[in-house]
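Taking it in order: structure first as structure tokens, then the write-up.
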Amino acid sequence: MSEETENRSMHFIRQIIANDIAAGLQPSAVHTRFPPEPNGCLHIGHAKAFCLDFGMALENGGKCNLRFDDTNPDKEDTRFVDSIKEDVRWLGFDWADREYYASDYFEKLYNYAEELILAGKAYVCTLSAEEFKEYRGVPGQPGKEAPGRNRPVEENLDIFRRMRAGEFEEGAYVLRAKIDMNSPNLHMRDPAMYRIKKAEHWRTGGDWCIYPMYDFAHCLSDAIEGITHSLCTLEFEVHRELYDWFIDNTSAKNLNKVQPRQYEFARLNLTHTMMSKRKLQQIVAEGIVEGWDDARMPTLSGMRRRGYTPKSIRDFCEAVGVTKFNSLTELALLEHCVRQDLNKVALRRMAVFDPLEVEIENWEEGKVDELNAINNPEDESAGSRKIKFTKRLFIEKGDFMENPPKKYFRLSPENEVRLRYAYLIKCKEVIKDAEGNVVKLVCTVDPDSRGGNAPDGRKVKGTIHWVSADYAVMMKARLLDVLFTRADMADLPDGTDFMDFFNKDSLVETEFYGEPALLEAKAGQPLQFERNAYFVADEKLWSQDKPVFNRTVTLKESFPKA
Ligand code: ATP
Ligand code: MG
């Protein structure tokens, strides 16, 4: 059993599928779909949805379709189709040849609409959007029937065909299902099925000037594809009755042995960020971030750039679980999953951000010792590399204290410390500038401590990282933090705007001295700068002349400034 399998818990969707299988459904007949609208890049909330869609299919040997929900001609774009495919693939899921588009079904959907008209279950209506709402009424009070609700079938059919032919202006008519104006469920009060929209569609071009509504298109697309379990977020719960109605009242009900069923689960909300595509779109458009794939964004392309791994995101989605209750998930949980995976896979490297020069008094000028440094103590197969020890080194300023408190194990006058993978050194002299700032340390090395241990077995507690001042390379780091200082961005105080909580320190650029091995870094390869944080070479800004690293996550949990 793989580790990912072990971490699975029995949530209610798994239970429903298990029950269906117990009742006779072939496991391999489990068929789900992930239906993104190609009007933005996918975010971590979508990952929760598609890990579930693909996950349920995979676990049972079934299938999951990728279906682009492209029923709205205004807002969609093929560049989002490509980015969605890249993101789903990146997380490790495969839809084989089942890449579908709701627009592929426009003709079929149109025919189902005619079926409903012929059965007296749909009619054309001239009410404006406002009148439509007013007639629909409110829960607890019956709605009002629209004028023309009882128009003869032939007339409805004729007008609907002329709607398709482009004879009317936008808004002149909508096609509505004739269900029940007194239903306690407002969605059942004669919902709209088609509206006139004189817009070119990026796939069907000028073929259509009427477009189906989501509620009509989605369930019938599921039926057309033979979906068994149609998983969606909670806000669709009140649409479920309509979902079933469209299938039950058209010949779509005869398409499959097992009728598609809709099940709803809570959407993911994550602290210090937003899941609203509209708002994400806004900060991209206004240039507040560098694009959809800005490494601070909750998008999958952003997280990839930031150095999050597919496994950590899958683990997170599994850990969040699937429930019926909306809640706010701590970013700390996601970061925990990221650290857990990075600890196993990240190559260790040394980098000094706030350099203090160390000169080794008893080391010959020009002498270089090549030491062995382990690439990943958690993974033997990662091997080791050579690091160069020279007379002049850099350590972090923060690893030296002139007047240390008790139990300070890093460098201080006359105190011995271990340089990672190298030698034991002792501080002999502290050199200061005119203002009294420490600018350099003169140290001695124990030449017999090569590798980091004293031959006499004396205990040296502290180990610090370092780089050779002669060989280290100046590189750029982007220190990334949360986009918003407020935890719950879905529920803002009255009178505030989400930009009021924008974290101005969410991106801090700095320079550091990195060991030369960092020049060989590959975009996407996880790295740990020892004792500092996890980093990754930025896939866009990286070049060997100008190496740029993104800080993926700190080594330990640190809560964002509130
Ligand atoms: P829009 O407001 O544009 O409809 P959306 O976020 O619902 O945005 P879709 O492309 O329609 O975007 O979403 C595809 C699927 O992902 C849907 O099944 C939707 O329910 C699911 N989904 C979207 N956001 C989340 C979220 N935060 N958590 C879990 N699932 C989500
Ligand atoms: Mg949606």
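All ligand and atom numbering here is 1-based and tracks the order in the structure. Nothing here was measured: the structure is a model prediction, and the numbers come from that model.
With a heavy-atom cut-off of 4.0 Å, Phe50 does not touch ligand 1 at all. Contact annotation for Asn39 and ligand 1: only side-chain heavy atoms (C-beta onward) come within less than 4.0 Å of the ligand. With a 4.0 Å heavy-atom cut-off, ligand 1 is reached by the side chain of His43 but not by its N, CA, C or O.
Considering backbone and side-chain N/O atoms, Leu268 comes within less than 3.5 Å of an N/O atom of ligand 1. Checking only distances, Glu235 never comes within under 3.5 Å of ligand 1, N or O to N or O. Considering both main-chain and side-chain atoms, Arg267 comes within under 3.5 Å of ligand 1 through a nitrogen or oxygen pair.
Heavy-atom neighbours of Lys253 NZ from other residues, nucleotides or ligands within 6.0 Å: above the threshold of 12.
Looking at Pro35, Gly40, Gly45, Ala490 and measuring to atom 26 (C) of ligand 1, the nearest heavy atom belongs to Gly45. Looking at Glu37, Lys277, Arg67 and measuring to atom 12 (O) of ligand 1, the nearest heavy atom belongs to Lys277. Comparing Leu42, Thr233, Leu280 against atom 20 (O) of ligand 1, the shortest heavy-atom distance belongs to Thr233.
The aromatic ring centroids of Phe549 and Phe535 lie 6.0 Å or more from each other. Ring centroid separation for the pair Phe216 and Tyr194 comes in under the 6.0 Å cut-off.
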Could you tabulate the donor-acceptor pairs under 3.5 Å formed by side-chain atoms of residues 319-328, not counting sequence neighbours?
| residue | atom | partner | partner atom | Å |
| --- | --- | --- | --- | --- |
| Thr323 | OG1 | Phe325 | N | 3.2 |
| Thr323 | OG1 | Phe325 | O | 3.2 |
| Lys324 | NZ | Glu264 | O | 3.0 |
| Lys324 | NZ | Glu264 | OE1 | 3.0 |
| Asn326 | OD1 | Arg267 | N | 3.4 |

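With sequence neighbours left out, the side-chain hydrogen bond (donor to acceptor under 3.5 Å, both in side chains) criterion links Arg306 to no other residue.
If you check the side chains of His229 and Asp20, you find a donor sitting under 3.5 Å from an acceptor.
Residue Ile179 comes nearest to Pro191 through the heavy atom pair CD1-CD, 3.8 Å, listed as atom of the first residue, atom of the second, then distance. Considering all non-hydrogen atoms of both residues, Phe160 and Val124 come closest at N-CG1, 4.1 Å.
Short contacts between ligand 1 and His46, defined as distances under 4.0 Å to a heavy atom of the residue, involve ligand atoms 5 (P), 6 (O), 9 (P), 10 (O), 12 (O), 13 (O), 14 (C), 16 (O), 22 (N), 23 (C). Within ligand 1, the atoms closer than 4.0 Å to a non-hydrogen atom of Ala49 are 16 (O), 21 (C), 30 (N), numbered from 1 in the order shown.
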